[in-house]
Participant: 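This is the structure I want to talk about, given as structure tokens.
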Number of protein chains: 2
Amino acid sequence: MRPDREKILLDTLRRLLRRGAVARLKNLVAKSHTADLAAVFPLLRSAEQERLLALIRDPKQKARLFSELEDDIRSALLQSMSDNEVAEIVTHMSSDDVAALIATLPDQRAKAVLERMKREDSEEVHELLAHDQETAGRIMVPNFVALPETTSAREAVAVLQRQYADIEMPFYLYVVDDHGRLRGVVSLRQLVVVPPDTALKSIMRTDVVSVHTSTDQEEVAGIVAHYNLLAIPVVDDNNLLVGIVTVDDVIDVIQDEATEDVLKIAGITGAGAYVETQSILKSIHKRLPWLLAAWVGGVVASFVVGHFQQTLSKLISLAAFMPIVMGMGGNVGTQTSASIIRGLATGKIDLGQVKRVILREFSIGFCLGFVYGLMLSLFANLRYGFGLWKLGLVVGLAMICSMTLAATFASCLPLVLHRFRIDPAVASGPFVTTCTDILSVLFYFKIASFFLPL
Amino acid sequence: MRPDREKILLDTLRRLLRRGAVARLKNLVAKSHTADLAAVFPLLRSAEQERLLALIRDPKQKARLFSELEDDIRSALLQSMSDNEVAEIVTHMSSDDVAALIATLPDQRAKAVLERMKREDSEEVHELLAHDQETAGRIMVPNFVALPETTSAREAVAVLQRQYADIEMPFYLYVVDDHGRLRGVVSLRQLVVVPPDTALKSIMRTDVVSVHTSTDQEEVAGIVAHYNLLAIPVVDDNNLLVGIVTVDDVIDVIQDEATEDVLKIAGITGAGAYVETQSILKSIHKRLPWLLAAWVGGVVASFVVGHFQQTLSKLISLAAFMPIVMGMGGNVGTQTSASIIRGLATGKIDLGQVKRVILREFSIGFCLGFVYGLMLSLFANLRYGFGLWKLGLVVGLAMICSMTLAATFASCLPLVLHRFRIDPAVASGPFVTTCTDILSVLFYFKIASFFLPL
């Protein structure tokens, strides 16, 4: 939502809440887009949230609001509601959203809510919950249109019109055999341009792009984006069509995964987005682990420097160039790992090209190291005089080593992790920087003590 | 595309190309998804690319392929084609894709191609090109269905069926007044559930979410994602409906912008994704600028250290803790700026909360600094003995300063840039790290010289 719209809605809601203008509040809430309400909800105090929620009369709107709210706010609101109230809300939610909500509830509560739902609905939810988190099976919905191969175009149109009441927007028409196995797909457009008696079998596309229930949601999103689909069919082990994943959920996945990538690269663990209302303690908790790794790395680096104390005391100016040698290595490492990670995430790099990619990054690191190493060498000579030319040589060589090493290491690591199916974004950031720091310092002093006494 | 599928297609294409099996190649190409061809195209040598392109007989498939290829590969292919050939291809492309392609051509060439197009098509393209890059006006398509308010539901259904031949998938039906100004929107579902004589005016939603032609594409994507839309109408200064932006283009925008954010945070400038075929020189070029900034920062840091050479020579062990003090500041700075940048990009932080956000990050920085500073202080005492307790005090205090400062600075900077409508991602990464480095070193030695002689 545009910030100005959000601000107006928030201010109006607060003013009306303060004045207790119930009638106008009800009116405003009913008129507002649920997505807008969901956006301002986190900015209200929890007492305000509860009062506002009580004013939403339309159970469908309430359900939509709950579908859109962030997990932590939703959990807080659910705590003050009875099992019956929760069950009433989830009745109007789509089954993938219910599954996501149920998964955040304590076991006892989850069971109580599921028991109060219609049997048909709760079974659907149970099926989704049987699949792992972040897979196609978990985020699919069962609202698809599937017809036998022998159906005529005319019959298909009639079915679509009848089912419109149930399905917000039929994206595609799927064709299945007698066992419910996915056979083909027909676009709505084809249906109306062929003679009405044509059987679906003769107009369907048979090379349907589908995913398995166990496919990772990031891969699902990549496939939908790659083929510009509005929905993708999900099949089980027997190729039975069991659901579809729609493009709006795919967008959520892409946004969440992108945010996760950015935060992981920066060394923040755990789920997702910046949440303004998240407690400071929780934020600290998410940042502690990688900082601890960096801290340990720093302590190791301090031992390395300590080890070369004698070298350093012979030429105290060496200390002046420690920051730049380490910093440049760290920076080129971050650049490299970020571009590899995004390349893997968007499918621009695949594992057939590992050697080429690493060789490429090695070359880039070396070239950059050479340029900036030469510059630093010249600078050192200018500053400390050409009498100390060996200092210039040492810092220049150290810079080349540090940057080449950093680029190579930062390209290998994500590729290796990706091969072993570990998310490469996790290992980047502080880890690459820390290892690079230690190696840079080590090489720097090794080179220095080789050339010293100056 | 899944890596295995891509590999099989690539290998098969290469084998058939080597064997000159033209008939089988034609068959394979015709059968393949264009998106798949576009994915393997960059992995072929340019001679192979040209031979393959010559085998694509269907001009529509060729057009789709050109729509999907990355800019640099497309440019290379276009160079060896005549103006007429290019004009024939773009005839079958949607106008937003033509505009994107034309924008990459030299002026002379662009003019020649546009002249060879049908007048109606080239006018459409001209209109798009009149808008700035990366705005709604540039990525919209004119294929929408707009009907007057007085149209009945029955008439609307008839129009939709006639227009199906032209429009791949009508997402929504827009309602306009006599002047073509956007008045409302009707979902396809509503059309079939109301009595056929109902006028659109009485069933349309009037609070249509729309964007202006000048709206930034990232904002357009955010709005489409926020309201879970399949398409969003674009209006001009007079509120005339001039186009729609569809969800498949929105996904591309979201992916590109996320990649750009990641790369910018890591200090890589310029457009987008990791392109395997991009020359090493070009990659180096993209990484040089920020590294230069970091280099200059490193040189400044070397002056700072040089300035405190006396302090350092009195207690050479101070050098051992330089890396950890600087590194921890840099890490917490990166964490902070990354979470703020994504918060801004996904709309979780808005500018009404600037003070709160900064105060929050300041507190987080201080707490983290306190914890890790205390740990470092204890470590220093253990290692160098409690006789040198002042060293422990110095490193502990320096760590607190460094981390608090880094977190505060890294939160202020993106917020300030965002307020001045500069992309906050640009200024992160190396810039934050570099400034933090200099400030950390400065404070470290300031504190040290205050407490020294030990």
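Excluded from the calculations below are hydrogen atoms, water molecules and symmetry mates; all remaining heavy atoms, backbone and side chain alike, are included.
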Participant: Output the distance between atom CZ (B:R356) and atom CG (A:L43), rounded to the nearest 0.5 Å.
Facilitator: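 It is 7.0 Å, given to the nearest 0.5 Å.
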Participant: So does A:F366 have more than 12 non-hydrogen atoms from other groups sitting under 6.0 Å from CZ?
Facilitator: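 Atom CZ in A:F366 is not packed in, count stays at 12 or less.
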Participant: Drop me the distance from A:L376's CG to B:S302's OG, to the nearest 0.5 angstrom.
Facilitator: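 Output value for this atom pair is 7.5 Å.
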Participant: How about B:H33: does its NE2 atom have over 12 heavy atoms from other parts shown lying under 6.0 Å from it?
Facilitator: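 Result for NE2/B:H33: enclosed.
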Participant: Less than 4.5 Å to any heavy atom of chain A: does that hold for the side chain of B:V250, its backbone, both, or neither?
Facilitator: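 For B:V250, the contact with chain A is made by the side chain alone.
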Participant: Determine the interplanar angle of the B:W295 and A:Y372 rings, folded into 0 to 90°, and report it as parallel if under 30°, tilted if 30 to 60°, perpendicular if over 60°.
Facilitator: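 It falls in the tilted class, 30° to 60°.
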Participant: Who wins among B:D249, B:V371, B:V299 for the most heavy-atom pairs under 4.5 Å with chain A?
Facilitator: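 Of the options given, most contacts go to B:V299.
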Participant: Does the side-chain contact (heavy atoms from CB on, under 4.5 Å) test come out yes or no for B:H226 and A:D36, once each step is laid out?
Facilitator: CA-CA 8 Å; B:H226 179 71; A:D36 292 343; 3.0 Å; yes
Participant: Tell me, for B:L229 versus chain A, whether the close heavy atoms (under 4.5 Å) come from the side chain, the backbone, both or neither.
Facilitator: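 Neither part, no heavy atoms under 4.5 Å.
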Participant: Mind checking the CG-CG spacing from A:N331 to B:D437? Nearest 0.5 Å is all I need.
Facilitator: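 CG of B:D437 is found 8.0 Å from CG of A:N331.
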Participant: Tell me which of these, A:M326, A:Q309, A:M403, A:M399, has more heavy-atom pairs under 4.5 Å with chain B than the rest.
Facilitator: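 Among the listed options, the one with the most contacts to chain B is A:Q309.
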Participant: Considering only heavy atoms, which portion of B:D207 lies under 4.5 Å from any heavy atom of chain A: side chain, backbone, both, or neither?
Facilitator: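 Both parts, backbone and side chain.
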Participant: List the atom of A:R383, the atom of B:G306, and the distance in Å for their closest heavy-atom pair.
Facilitator: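 Closest approach of A:R383 to B:G306: NH2-CA, 3.8 Å.
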Participant: Can you name the side chain to side chain donor-acceptor pair (under 3.5 Å) partners of A:E68, sequence neighbours left out?
Facilitator: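 A:E68 satisfies side chain to side chain donor-acceptor pair (under 3.5 Å) with no residue once adjacent residues are dropped.
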Participant: By salt bridge (Lys or Arg N to Asp or Glu O under 4.0 Å), which residues pair with A:D252, not counting sequence neighbours?
Facilitator: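 Expected list: none.
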Participant: Locate the shortest heavy-atom distance separating A:A319 from B:L312; write the atom from each residue and the value.
Facilitator: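 Scanning both residues completely, I find the closest heavy atoms to be CB-CD2, 3.3 Å.
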Participant: Under 4.5 Å from any heavy atom of chain A, what part of B:T34 do you find: side chain, backbone, both or neither?
Facilitator: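 When you check distances to chain A, no heavy atom of B:T34 falls under 4.5 Å.
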Participant: Do A:L292 and B:M375 have side-chain heavy atoms sitting under 4.5 Å apart?
Facilitator: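 They are in contact (side-chain heavy atoms under 4.5 Å apart), so the answer is yes.
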Participant: Checking B:R205 against chain A: side chain, backbone, both or neither under 4.5 Å from a heavy atom?
Facilitator: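 For B:R205, the contact with chain A is made by the side chain alone.
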Participant: Begin with the C-alpha distance, continue with both residues' side-chain angles, and end with the deciding distance and a verdict on side-chain contact (heavy atoms from CB on, under 4.5 Å) for A:V305 and B:M322.
Facilitator: CA-CA 9 Å; A:V305 179; B:M322 265 168 61; over 6 Å; no
Participant: Would you sort out whether A:I316 and B:I316 count as a side-chain contact (heavy atoms from CB on, under 4.5 Å), showing the intermediate values?
Facilitator: CA-CA 8 Å; A:I316 205 91; B:I316 205 90; 2.9 Å; yes
Participant: Taking it one step at a time, do A:F321 and B:F303 satisfy ring-ring contact (aromatic ring centres under 6.0 Å, His included)?
Facilitator: CA-CA 9 Å; A:F321 294 103; B:F303 277 105; 9.0 Å; no
Participant: Against chain A, label B:L281 side chain, backbone, both or neither, depending on which of its atoms sit under 4.5 Å from a heavy atom there.
Facilitator: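 Answer is neither: B:L281 stays 4.5 Å or more from chain A.
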Participant: To the nearest 0.5 Å, how far apart are CG in A:L368 and CZ in B:R287?
Facilitator: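 Answer for the CG-CZ pair, A:L368 versus B:R287, is 7.0 Å.
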Participant: Does any backbone or side-chain atom of B:V332 lie under 4.5 Å from a heavy atom of chain A? Answer side chain, backbone, both or neither.
Facilitator: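 Both backbone and side chain.
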Participant: Of all of A:V441, A:L288, A:V300, A:L318, which one pairs up most often with chain B through heavy atoms under 4.5 Å apart?
Facilitator: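 So the answer, after comparing A:V441, A:L288, A:V300, A:L318, is A:L288.
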Participant: Roughly how far, to the nearest 0.5 Å, is CD1 of A:I254 from CD1 of B:I251?
Facilitator: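 Here the interatomic distance stands at 4.5 Å.
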